[in-house]
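Beneath this line is the structure, given in structure tokens, with notes to follow.
The structure presented is a predicted model; accordingly, all values stated were derived computationally and were not measured.
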Amino acid sequence: VISLVAGWCGDKFGRWNMLIVTGIFNSMIGICLLIGQFDNKGIYIAGILIAKALQLTTLLFANSIAPTFLKGRYIAGIIAMIALGGGLGQFLGQQVIGILRDVTGTYTAGWLYITACGVMATSLAACFKIYFDRQEKAEVN
């Protein structure tokens, strides 16, 4: 159901816009988990539910913007790089959280790491959106 809703939203509101929105929510996940770890189970569970929902949708939006980079040529390579990045992120992210927990003794640094990664990825997506919007306007003129 999440994939269908995400696809509909991507068509209605724009894939880049939805990628940025999911990035903002991804940034909020770390904050929810950080707050929720201190005896606030409702916020913690909300953070986990948002994380699971966005785990599915972020990759959908990332794959849908792949043709923007090369104007329809060699899309398979771009999608492969996105899949590689997503796979590495899902593996290495958990490893980094575990290492941070071992070093600090709590999950706090790990949740801040998730938030920082979400902010950086959202900023990158926003910069790409601005770049491609300007490039499209220049081609029209």
Do [X] and [Y] sit in the same hydrophobic cluster, where Ile, Leu, Val, Met, Phe, Trp and Tyr count as joined when their side-chain heavy atoms come under 4.5 Å apart?
X    : Y    : value
L124 : Y131 : yes
I114 : I45  : no
L49  : Y44  : no
M28  : I35  : no
F25  : L33  : yes

How long is the straight-line distance from [atom2] of [Y] back to [atom1] of [X], given to the nearest 0.5 Å?
X   : Y    : atom1 : atom2 : result
S27 : M120 : OG    : CE    : 9.5 Å
I29 : K52  : CD1   : NZ    : 10.0 Å
M18 : F61  : CE    : CZ    : 4.5 Å

For the residue pair [X] and [Y], establish whether any side-chain heavy-atom pair is separated by less than 4.5 Å.
X    : Y    : result
I20  : K129 : yes
L54  : T57  : yes
I31  : W111 : no
E136 : F132 : no
V96  : F91  : no
I99  : D102 : no

What pair of heavy atoms forms the shortest contact from [X] to [Y], and how long is it?
X    : Y    : result
I97  : Y107 : CG2-CD2, 3.9 Å
T22  : L19  : OG1-O, 2.9 Å
T104 : A109 : CG2-CB, 4.1 Å
G47  : C32  : CA-CB, 3.7 Å
G36  : I43  : N-CG2, 4.2 Å
Q37  : L34  : CG-O, 3.2 Å

